[in-house]
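Encoded as structure tokens, the structure appears first; notes follow it.
Counting starts at 1 for both ligands and their atoms, in listed order. Note: hydrogens, waters and symmetry copies are ignored here, and every other heavy atom, side chains too, is used.
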Amino acid sequence: MSTNSRPLILVSNDDGIFSNGIKALVEVAAEFGEVEIVAPDRQQSAVGHAITVSTPLRAQSFKLDNRFNGKAVNGTPADCVKLAHNQLLSRKPDLVVSGINHGSNAGINILYSGTVSAATEGTILGYPSIAFSCTEFSEDADLTGCQDAARKVIRFVLEHGLEKGVTLNLNAPAGPLKGIKWARQAKSRYVEEFEGRVDPHNRDYYWMAGKFELLEKDGGSDIDALEKGYASLTPIQYDLTDHELLKKYSKTEF
Ligand code: MN
């Protein structure tokens, strides 16, 4: 029996196993330890923290670049991390990383993101977890700067660990890395615009074409850091309770 002291890093994403982003992240993760990939077998962007409860999950073995062991799952990013933890991994991971997503997961995007949810699921299961995204949506985006940022942040987390209940969310512009700034989530939202069309059977259908709206211009946010050319790094939490308001409301009895 061999003992393995190299850290085990679980890599997932929401763009699926064929994306350039997951390959870029696997390459960086492999510098730090043994890598196992458990990721969706198809595009799963913007599914948030959805899980599959009414159909079975299947995990198909594959090799990425003929080097890295992976399982392609017909489920969501959160499914992948749950299934990896419960069934698929050879041992407990030391770190869960998700990405590199093609497209920003700054501001309100955090809430819709499957990439971030894979990492959040890792946190819920008790593992230090980080989400990585490049703000450029293109499949051919230059991810080298984001890879450099991932290298620095993975090293930091493997050395120092992470607070329980906290996930790190990193966004980086395409191209070379200017630096990494700690940042809070920017106040933002989507203004939805639906384009209505008619199908060949004369039924209406709709394409969502929401526009991102920034609701603040203050410094210190993830969007602010990105606009200045830096990568943003935000500690996020899944406890959605507004603790201050709870304290205030608790004085009210019904
Ligand atoms: Mn995506």
>> Test side-chain hydrogen bond (donor to acceptor under 3.5 Å, both in side chains) on Y190 and N109; report intermediate values, then the result.
In response: CA-CA 9 Å; Y190 277 90; N109 290 319; 2.7 Å; yes
>> Tell me whether D79 is salt-bridged to K82, with the criterion being a basic N under 4.0 Å from an acidic carboxylate O.
In response: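 No, D79 and K82 are not salt-bridged.
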> Hey, mind stepping through Y127 and H85 against ring-ring contact (aromatic ring centres under 6.0 Å, His included) and telling me if it holds?
Replying inline: CA-CA 10 Å; Y127 307 121; H85 158 80; 5.7 Å; yes
> Is the distance between the Mn ion (ligand 1) and the nearest N/O/S atom of S45 smaller than 2.8 Å?
Replying inline: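 Yes, since at least one N, O or S atom of S45 sits under 2.8 Å from the Mn ion (ligand 1).
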>> Quick check on the Mn ion (ligand 1): does S19 put an N/O/S atom closer than 2.8 Å to it?
In response: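 False for S19.
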> Going by distance alone, is a donor N or O of one side chain under 3.5 Å from an acceptor N or O of the other, for T115 and D14?
Replying inline: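 A pair is found: one side chain offers a donor N or O, the other an acceptor, under 3.5 Å apart.
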> Of all the N, O or S atoms in D14, which one sits nearest to the Mn ion (ligand 1)?
Replying inline: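 Of all N, O or S atoms in D14, the Mn ion (ligand 1) lies closest to OD1.
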> Considering only N, O or S atoms, which atom of D15 is nearest to the Mn ion (ligand 1)?
Replying inline: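 Going through the N, O and S atoms of D15 one by one, OD1 ends up nearest to the Mn ion (ligand 1).
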